[in-house]
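Note on naming: letters A, B, ... go to the chains in the order of the sequence lines (proteins, then strands), and numbering restarts at 1 for each one. Note: hydrogens, waters and symmetry copies are ignored here, and every other heavy atom, side chains too, is used. Since the structure is predicted, the reported quantities are computational estimates derived from the model, not experimental observations.
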Amino acid sequence: MNEQETIWDSLINGPRSAEILGTTMERVARGLSDMAEQIIIHDTPKIKEIPLAQIATRAGAPEAEIVGIYLQMETGMRGRVIMILPLGFAMNLADLMSGSPRGTSTRLGMMERSVLAEVGNLSLSYFLNAVADLTGRSEMLQPSPPAVIVDMLGAILDLFITSAAAMSDDLLIVETIFTDVARTMQFRLWMLPGSTIDWAHDKG
Amino acid sequence: MAGNLRSVLIGEMIISNAPDDVLVAHGLGSCVAICLYDPLKQMGGMLHALLPGTNSGKRRGKPTKYVDLGTELLVAALVKKGARLGRLRAYLSGGAHMLSSAGFDSSLNIGEHNVLSAKAALKDAGIRIRAQDTGGSTGRTVKLHIANGQVIVKTLKQGEQTLKTKRRHAPPVKPRAQEIPMATVMITDDSLFIRNKLAKLLAQKGYETLLAGDGVEAVRVYRESKPDVVLMDITMPRKNGLDALSEILQFDPRARVIMLTALDQKSVAATAIMTGAKDFLAKPVRSERLIMTLEKVLR
């Protein structure tokens with residue numbers, strides 16, 4: 001098992017796995033709450049092995065128009081992350097972050113996308129900060145610059161899982177659902193460990 | 001832990017591990033006060049040995065070592081020396097984040113008690129307060145908190161009230177706009193949103209701004225325009241902020257670069273400071289802290 005896999009393995013299989021994942025997501029939720037100026041809570045992170053054929057239907061109707069914020073973990077820990085936000089929530093979040101009254105954004109222009117990209121950047125950075133802190137890693141854990149995609153859910157998830165599909169019929173993901181307290185908004189964070197397949201082989 | 005703390009002077013800093021060996025840090029600008037525990041007896045000596053600007057003197061009739069240092073030096077020295085950073089708990093008005101990033105616990109999530117109860121708690125714990133609640137040379141007011149065996153010193157915001165204590169009022173502070181000539185700040189961030197937001201804020205404060213969308217652009221704009229200070233994100237396409245920092249410093253070793261990043265990791269902070277960044281701020285940063293840091297770096 002190489003160094004990359006060791007980090008993921010400790011997160012997924014280690015004795016403190018649930019505690020560490022829970023705490024990391026707590027910090028992401030706290031950061032998002034600060035940004036959105038409302039309380040956002042998270043459910044218990046779940047680690048799932050999902051058949052690729054089912055992945056597109058897990059987050060909602062494949063034809064639903066959604067916003068995906070896509071990032072990669074590039075340094076110190078490899079993997080891919082996607083935040084899946086309903087379009088309406090994405091526009092509300094853009095309004096909140098940019099200090100505009102709710103309902104100002106009616107489409108996702110360049111500025112709104114930039115706001116959402118920053119949300120993705122901050123969220124993954126908070127996650128990596130927490131991992132570094134809780135696991136005592138001394139190396140820098142750094143995300144890629146984010147990409148914001150607006151498309152049908154099925155199309156976005158296809159993009160997300162394409163590379164994995166070449167290697168396996170199943171996908172290992174870490175899933176957390178974030179919700180505001182009024183439960184009017186909900187979005188998902190999926191993490192795909194970069195060494196999922198190798199890790200799965202090691203495990204077997 | 002608190003029982004190991006012998007004395008605290010707020011506004012300046014006193015670390016007293018033995019009656020005749022008092023370490024005083026003063027004139028720190030943003031670095032107002034640190035609460036230290038027994039491991040810092042050793043660390044205090046290390047600071048004295050490591051840091052430039054250290055000298056000795058007399059204070060209140062006791063042999064005293066004076067250390068005049070900036071937060072950057074403190075962090076850099078401790079990181080360089082491989083100090084056990086988690087043992088120091090600190091809250092500094094301008095450098096709390098940097099220390100936090102470097103692994104110090106500057107948590108403020110403690111039950112807040114007022115100064116008087118803190119004083120009583122300290123007394124119960126056998127801790128002597130040498131002075132309390134002064135403005136110090138920086139004109140700032142600080143407040144002591146204690147909870148869960150931890151002692152925390154917090155700098156109050158302007159206008160924030162302390163409880164009734166014997167307070168020495170600091171001399172009136174001139175508006176900062178008169179103290180510091182307006183400078184040119186280069187904002188380097190791949191986020192259009194962040195660039196615009198910071199540019200708007202800085203323009204309101206009277207700063208000139210230059211914008212760069214990645215590390216490559218940052219190096220180019222710096223060479224062309226040589227701004228007074230640079231705000232530098234780290235995660236950017238083409239060239240990241242740490243690489244851009246190195247290149248800018250190669251071109252201009254006196255460049256003043258403040259890292260502004262969401263990567264609030266001690267390894268990142270340590271790398272940035274060791275590379276030559278003047279300060280390190282975590283996103284999202286409050287505007288007051290950003291302006292205060294800019295002013296500090298520009299002095």
Region of B/Asn240 that comes under 4.5 Å of a non-hydrogen atom in chain A = side chain
Please confirm whether the backbone N or O of B/Met232 pairs with a side-chain atom of B/Thr188, one donor and one acceptor, at under 3.5 Å?
-> no
Inspect the contact between B/Lys239 and B/Glu247 and indicate whether a charged nitrogen and a carboxylate oxygen are less than 4.0 angstrom apart.
-> yes
Against chain B, label A/Ala132 side chain, backbone, both or neither, depending on which of its atoms sit under 4.5 Å from a heavy atom there.
-> side chain
A/Ser105 versus A/Asp95, side-chain donor and acceptor atoms under 3.5 Å | yes
Is a side-chain donor or acceptor of A/Thr104 paired with a backbone partner of A/Ser100 at a separation under 3.5 angstrom?
-> no
Pick one of side chain, backbone, both or neither for A/Leu124, based on which atoms fall under 4.5 Å of a heavy atom in chain B.
-> neither
